[in-house]
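Below: one structure, written as structure tokens.
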Amino acid sequence: MLKEGMIVGERYEIIGRIGSGGMADVYKAKDHKLNRLVAVKVMKAEFSEDKGFIAKFRKEAQAAAGLAHPNVVNVYDVGEDNGIYYIVMELVQGITLKDYITRKGKLTVREATSIAIQVSLGLEAAHKSNIIHRDVKPQNIIISTDGKVKLSDFGIARAASSNTISSNVMGSVHYSSPEQVRGGYSDAKSDIYSLGITMYEMVTGHVPFDGDTTVAIAIKHLQEEMESPRKYVQDLPYSLEQIIFKCTQKSVDRRYSSMSEVIEDLKHSLLDPNGNFVTLTPLSSHAQTVMLSQDELNDIREGRSGYAVPQRNSSYEDEEEYEEEDEDTDGYDEDDDDDEEDGEISSKLEKAMTIGGFIIGAIIICILIFFIAKAAGFIKVGDSNKDNQKTEEQQEEEDQDTAQDENGQVAVPKLLTQTEENALELLEQLGLKGNKTGESSSSEYGAGVVMSQEIAEGTKVDPGTVINYTVSTGSDAPTVPQVTGMTQSQAEAAIKALGLETSIQQQYSDTVAIGKVISVNPQEGTTLSPGQTVTLVVSLGEENKQVAVPNVFNVDENTAKQTLQDSGFQVNVESTSEATGVNEGCVANQSIAAGTEVDPGSTITIQIYHAPAATPTPEVTSEPETSVSPETPAGEWKCNVKLKKPANYTDGPVRLRLIQNVNGQSVETVLLDGTPITFPEDGYVLTAAGAEGVESGTIYLEELVDGTYVERGHYQNVPFKQQ
């Protein structure tokens with residue numbers, strides 16, 4: 001564990017620990033190079049010698065470092081300092097979604113949908129970078145104090161290749177997909193499943209599958225059908241229920257194919273809560289839920305046959321999960337196996353054996369017929385395949401010859417609107433080569449299709465010519481989100497997160513609560529260009545109905561403004577350097593006292609306290625001549641100086657404090673307390689005793705203002721001599 005004040009990487013000063021996981025601790029730190037607060041994730045000492053853990057730790061940084069998205073916790077730096085492996089991340093002030101659900105019990109539909117959309121946007125960015133998170137759960141979702149949702153902890157994330165990812169590492173079992181539980185592949189659809197479980201928990205307050213052990217929960221993911229969230233939330237919109245069902249299908253083919261589809265349906269659900277627009281693929285006759293046998297269940301418990309019992313890994317943050325993992329999975333009663341053996345062969349098994357006998361007999365008859373026909377010359381094997389193969393090769397050569405003109409050149413095909421894969425295949429058929437020169441956003445061409453080609457369609461070129469092309473990433477233009485009914489601050493945060501600006505209009509409303517959004521212009525769902533302005537019409541409540549002014553004393557500026565605006569007031573901000581009992585940057589005064597009832601829309605001026613700039617250090621004038629009096633003990637160390645008056649001293653009672661460095665310790669001595677000082681033109685004569693053997697010190701002059709001492713100046717390097 002790192003101590004406060006330690007410097008990591010020659011720039012990150014540790015302030016304190018803010019969290020701990022399976023293989024790392026997280027600290028709040030100050031980046032002295034960029035002068036900002038950051039979060040530093042440090043690998044625990046017991047893993048620093050394990051090369052596997054070090055590789056996993058670095059992989060987390062590499063997985064997240066390439067992501068730059070408002071809904072993903074940014075990674076700034078990664079390094080090693082004297083055996084300390086660390087990752088520097090964005091410091092997000094807020095709470096986890098898990099804590100938020102625990103506090104509220106369950107979330108409102110609008111709130112849960114808004115959070116799900118923001119998490120989906122973060123996952124969409126990760127998937128576009130070929131990163132699969134693989135541990136989506138409320139513990140890894142942070143809600144910041146400004147209402148922004150961020151996805152964190154890519155501790156078991158993995159870069160996706162062109163093939164399906166395979167790994168036996170899985171996240172928390174409550175949120176793991178069936179394919180993760182089996183130890184099979186993990187892809188973007190696994191994250192969609194985990195997101196669906198998270199949405200279920202947000203609207204109901206609990207997970208759909210729970211049990212006493214991780215094995216029990218894993219089996220439920222594989223076998224049991226999920227209860228409808230409407231069982232617990234009767235007024236849950238039909239569309240959101242269907243979205244959750246589609247995300248959590250046990251078969252990956254029946255889930256959403258991408259996060260963009262999830263986002264589209266979530267936004268649609270806000271506009272049409274009870275609409276029937278979510279398409280669930282029906283189960284085919286061969287895709288019914290398969291019940292596992294007792295042997296298969298035992299295999300799951302023992303980690304055999306391709307099924308993976310969850311292993312301890314760094315992504316588990318709760319101690320309860322560690323305890324579950326440590327339970328003996330072999331602890332099932334062996335009498336269960338004896339009971340099954342006592343039954344011997346059931347009637348179903350007898351039927352299966354009878355049917356199997358018929359099938360084997362039919363296969364033998366077919367084999368005999370085949371050999372008889374072959375011997376009679378009715379069937380030819382081998383030569384026909386070669387003939388067919390030769391015919392296909394000849395046809396391919398003939399097609400290529402047909403495409404070439406008399407000069408041996410071919411015409412460049414049209415690549416526009418073709419997928420990249422189809423475009424390359426088309427070029428290859430003509431003996432040409434393709435080269436992607438880059439990607440670009442486009443509102444005309446969909447994501448993944450060719451949007452431009454360097455050599456125009458129809459141009460004659462030699463075989464082997466390289467055709468450069470550009471692929472579209474789709475439209476990245478933002479759309480106006482669903483914000484009607486939100487508070488002004490929530491709506492502004494949601495809109496600005498999309499790169500749009502906001503302006504505010506206020507009007508009275510008998511139906512919309514004060515401080516909440518009545519409507520927006522342009523309308524919700526409208527596609528805009530980044531930087532365009534969205535006008536929010538905010539309710540002032542019922543006309544002529546007065547509202548009590550909230551108390552914002554000693555509240556930071558941004559929170560105070562949001563509080564007053566949400567109550568329907570206009571806010572004017574001023575600065576002040578005079579205040580008592582107020583923190584830096586907080587409200588020292590408000591023009592209308594808290595609790596006063598005034599008209600909505602009234603302007604309230606708040607004064608923000610900013611400490612005055614330090615005054616120049618007053619001078620220590622020449623040392624007056626003195627003689628040692630008989631009362632002065634021999635050998636005592638004293639100062640005898642003239643102090644110049646500080647410029648901002650107003651002749652009030654003062655306190656003089658002497659600070660000296662004694663054997664490496666800071667020692668304070670109060671020289672004067674509660675007495676005004678008169679400063680002559682040539683300076684105030686001060687004679688005071690100091691610590692033995694210390695030749696200098698600093699004297700602070702503080703004036704009593706409204707019951708509190710305020711520093712007016714200090715005198716450095718005041719000399720002390722032995723008398």
Return the [atom1] to [atom2] distance between [X] and [Y], rounded to the nearest 0.5 Å.
X: Tyr175; Y: Asp191; atom1: OH; atom2: CG; answer: 15.0 Å
X: Asp253; Y: Arg255; atom1: CG; atom2: CZ; answer: 9.0 Å
X: Ser269; Y: Arg110; atom1: OG; atom2: CZ; answer: 9.5 Å
X: Gln180; Y: Asp135; atom1: CD; atom2: CG; answer: 8.0 Å
X: Leu266; Y: Ile115; atom1: CG; atom2: CD1; answer: 12.0 Å
X: Met199; Y: Ile192; atom1: CE; atom2: CD1; answer: 9.5 Å

Run Gln139 and Thr96 through side chain to side chain contact (heavy atoms under 4.5 Å, CB included) and show every step you take. CA-CA 6 Å; Gln139 293 91 328; Thr96 66; 5.6 Å; no

Under the 6.0 Å and 45° cation-pi test, does Lys246 pair with Tyr256? yes

Does Arg230 make a cation-pi contact with Tyr238, if we ask for NZ or CZ under 6.0 Å from the ring centre and within 45° of the axis?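 Cation-pi check for Arg230 and Tyr238: fails.
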
Do you know which two heavy atoms are closest between [X] and [Y], and how far apart they sit?
X: Ala125; Y: His69; result: CB-CD2, 3.6 Å
X: Pro522; Y: Thr533; result: CD-O, 4.1 Å
X: Asp146; Y: Ala493; result: O-CB, 3.6 Å
X: Pro208; Y: Met226; result: CB-CG, 3.4 Å
X: Ile244; Y: Gly196; result: CG2-O, 3.8 Å

Ignoring hydrogens and geometry beyond distance, is a side-chain donor-acceptor pair present between [X] and [Y] at under 3.5 Å?
X: Thr419; Y: Asn422; answer: yes
X: Glu524; Y: Thr484; answer: yes
X: Thr479; Y: Thr527; answer: no
X: Ser120; Y: Glu124; answer: no
X: Gln505; Y: Thr535; answer: no
X: Thr470; Y: Ser452; answer: yes
X: Glu439; Y: Ser472; answer: no
X: Ser251; Y: Gln249; answer: no
X: Glu420; Y: Tyr469; answer: yes

Sequence neighbours left out, what passes ring pair (Phe, Tyr, Trp, His ring centres under 6.0 Å) with His127? Give chain and number order.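 His127: no ring pair (Phe, Tyr, Trp, His ring centres under 6.0 Å) contacts found.
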
Partners meeting ring pair (Phe, Tyr, Trp, His ring centres under 6.0 Å) with Tyr200 (sequence neighbours left out):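 Scan of Tyr200 (ring pair (Phe, Tyr, Trp, His ring centres under 6.0 Å), adjacent residues dropped) gives none.
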
May I ask you to check whether over 12 heavy atoms, not counting those of Lys220, lie within 6.0 Å of atom NZ?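 Yes, the 6.0 Å shell around NZ holds more than 12 heavy atoms from other groups.
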
Lys150 with Glu90: basic N within carboxylate O range, under 4.0 Å: yes

Should the pair Glu201-Lys98 be classified as a salt bridge under the 4.0 Å nitrogen-to-oxygen rule? yes

Side chain to side chain contact (heavy atoms under 4.5 Å, CB included) between Val149 and Ile141, worked out: CA-CA 7 Å; Val149 178; Ile141 298 169; 3.5 Å; yes

Test side chain to side chain donor-acceptor pair (under 3.5 Å) on Thr437 and Glu454 and set out the steps. CA-CA 10 Å; Thr437 57; Glu454 189 174 278; over 6 Å; no

Hey, mind stepping through Asp77 and Ile87 against side chain to side chain contact (heavy atoms under 4.5 Å, CB included) and telling me if it holds? CA-CA 6 Å; Asp77 191 13; Ile87 300 172; over 6 Å; no

So Phe277 and His268, would you call those rings parallel, tilted or perpendicular, with 30° and 60° as cut-offs? parallel

Are Glu261 and Ser257 close enough, and set up right, to give a side chain to side chain donor-acceptor pair (under 3.5 Å), and what steps lead you there? CA-CA 7 Å; Glu261 293 183 4; Ser257 61; 2.6 Å; yes

